[in-house]
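To start, the structure itself, in structure tokens.
The figures here come from the full heavy-atom set of this structure, side chains too, leaving out hydrogens, waters and symmetry mates.
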Amino acid sequence: MMKALVLVSGGIDSTTSLGMAVEKYGKENVVALSMYYGQKHTKEIEAAHKITKYYEVEHISLDLTKIFEYSDCSLLSHSEKEIPHESYENQIEKTQGAPLSTYVPFRNGLFLASAASIAISKNCEVIYYGVHADDAAGNAYPDCSDEFHRAMRDAVRIGSGNQVTLEAPFVNWTKARVVKKGLELKVPYQYTWSCYEGGEKPCGVCGTCRDRAEAFRLNKIEDPALIKTEEKNRN
């Protein structure tokens with residue numbers, strides 16, 4: 001039986017890819033890998049712990065903070081930049097083709113290189129990660145594109161001596177389609193966290209909050225995480 005390593009951030013896309021891997025390979029053959037890279041909050045990491053506990057899979061964490069200490073990305077704790085509270089579409093119009101302020105320099109490249117090394121050591125033959133087409137649109141996050149994925153897939157295959165395959169099942173999907181698949185798999189979206197802010201509840205106005213809300217709206221369902229937050233506040 002093959003083993004899979006899944007990059008798990010605590011968000012919708014990576015949680016859905018984890019659900020797919022568990023369904024295909026079984027929880028005993030899946031290893032989850034989460035990265036801390038100096039974010040302004042730990043909500044994502046907390047969510048990743050809840051999700052991996054739910055799926056009962058092995059969970060490995062890495063701290064890559066040092067690598068990003070020279071970046072002024074607005075997601076990072078040492079940055080003084082404010083996280084934009086507007087849609088990705090509006091942000092893209094202002095960047096004129098450059099990545100957004102929330103783009104962490106070559107983050108996915110570093111994540112995947114680290115994952116490849118761990119996959120080899122843990123005898124995992126495939127790596128799953130949850131990038132989707134919406135994030136690559138307008139060059140907002142260039143390391144989420146299909147072109148980037150194909151290049152990294154080749155690099156991982158060659159660099160691992162053909163031991164590891166890289167899979168990005170949603171690379172040409174919209175976020176709404178990812179959510180649709182996750183609902184079919186009964187993915188525990190109530191434990192996920194997408195917001196770039198670290199408050200008690202999602203801000204609702206950053207780019208990723210807006211995209212998340214639209215994905216659930218298109219699937220004609222209320223966001224399970226928001227339902228859970230409302231219930232918690234009532235109690």
Side-chain angles (χ1 to χ4, degrees), residues 6-18 32-55 59-88 90-91 99-111 114-115 129-132 134-135 140-141 143-144 175 178-179 182 187-216 223-233 235:
V6 184
L7 286 173
V8 177
S9 69
I12 281 178
D13 313 307
S14 68
T15 304
T16 307
S17 65
L18 178 61
L33 174 62
S34 299
M35 312 283 191
Y36 181 71
Y37 53 92
Q39 303 97 308
K40 287 182 174 176
H41 62 79
T42 60
K43 289 283 190 175
E44 293 171 328
I45 300 299
E46 293 166 11
H49 283 298
K50 292 176 184 176
I51 292 158
T52 53
K53 184 177 181 180
Y54 172 89
Y55 279 113
H59 189 203
I60 298 171
S61 298
L62 286 183
D63 188 345
L64 302 181
T65 305
K66 187 71 176 177
I67 296 175
F68 299 107
E69 68 178 0
Y70 308 105
S71 169
D72 195 28
C73 168
S74 60
L75 293 188
L76 302 177
S77 59
H78 61 262
S79 174
E80 295 182 359
K81 288 183 178 178
E82 294 292 328
I83 293 171
H85 285 179
E86 57 183 341
S87 69
Y88 285 136
N90 288 345
Q91 293 178 58
L100 303 183
S101 75
T102 46
Y103 166 69
V104 184
F106 207 65
R107 182 181 67 177
N108 283 345
L110 289 162
F111 284 8
S114 300
Y129 71 119
V131 295
H132 60 87
D134 292 351
D135 278 344
Y141 300 103
D143 56 354
C144 291
K175 198 175 193 75
V178 175
V179 168
V187 168
Y189 287 137
Q190 67 271 23
Y191 298 131
T192 61
W193 182 272
S194 300
C195 182
Y196 286 149
E197 303 285 3
E200 284 298 311
K201 62 181 181 178
C203 71
V205 291
C206 68
T208 188
C209 273
R210 293 170 188 263
D211 266 19
R212 178 178 176 131
E214 179 67 2
F216 279 105
D223 187 339
L226 294 182
I227 295 173
K228 185 178 179 182
T229 300
E230 290 169 0
E231 292 176 345
K232 181 180 178 181
N233 290 339
N235 295 329

Are [X] and [Y] packed together at the side-chain level, in the sense that at least one heavy-atom pair is separated by less than 4.5 angstrom?
X      : Y      : answer
Tyr191 : Lys53  : no
Lys175 : Glu214 : no
Ile83  : Leu75  : yes
Cys209 : Cys195 : yes
Trp193 : Ile51  : no
His49  : Ser61  : yes
Glu86  : Val205 : no
Pro188 : Tyr55  : yes

Could you give all pairs that pass the salt bridge (Lys or Arg N to Asp or Glu O under 4.0 Å) test and reach residues 66-81, with sequence neighbours left out? Lys66-Glu69, Asp72-Lys81

For the atom pair [atom1] ([X]) and [atom2] ([Y]), what is the distance rounded to the nearest 0.5 Å?
X      : Y      : atom1 : atom2 : result
Asn90  : Tyr88  : CG    : OH    : 12.5 Å
Asp135 : Tyr103 : CG    : OH    : 12.5 Å
Cys206 : Arg212 : SG    : CZ    : 10.5 Å
Ser194 : Arg210 : OG    : CZ    : 14.5 Å

Identify which one of His85, Lys43, Lys40 satisfies the side-chain hydrogen bond (donor to acceptor under 3.5 Å, both in side chains) criterion when paired with Glu197. His85

Name the residue from Asp223, Thr16, Thr15 that meets the side-chain hydrogen bond (donor to acceptor under 3.5 Å, both in side chains) definition with Tyr189. Thr16

When the ring planes of Phe68 and Phe111 are compared, do they come out parallel, tilted or perpendicular, using 30° and 60° as the limits? perpendicular

Full working for side-chain contact (heavy atoms from CB on, under 4.5 Å) between Leu7 and Met35: CA-CA 8 Å; Leu7 286 173; Met35 312 283 191; 3.9 Å; yes

Heavy-atom closest contact ([X] atom, [Y] atom, distance):
X     : Y     : result
Tyr37 : Gln39 : N-OE1, 2.9 Å
Val8  : Ser34 : O-OG, 2.7 Å
Ser74 : Ser79 : CA-OG, 3.8 Å
Gly10 : Ala47 : O-CB, 3.7 Å

Tyr129 and Asp13: CA distance, side-chain angles, deciding distance, side-chain contact (heavy atoms from CB on, under 4.5 Å) verdict: CA-CA 8 Å; Tyr129 71 119; Asp13 313 307; over 6 Å; no

Exercise: do Ser9 and Ser14 side chains pair donor with acceptor under 3.5 Å: yes

So, Thr42 side chain and Ile45 main chain: donor-acceptor pair closer than 3.5 Å or not? no

For the side chain of Glu44 and the backbone of Gly11, is there at least one donor-acceptor N/O pair under 3.5 Å apart? no

Only one of Val104, Asp143, Ile67 passes side chain to side chain contact (heavy atoms under 4.5 Å, CB included) with Leu110, and that residue is Ile67

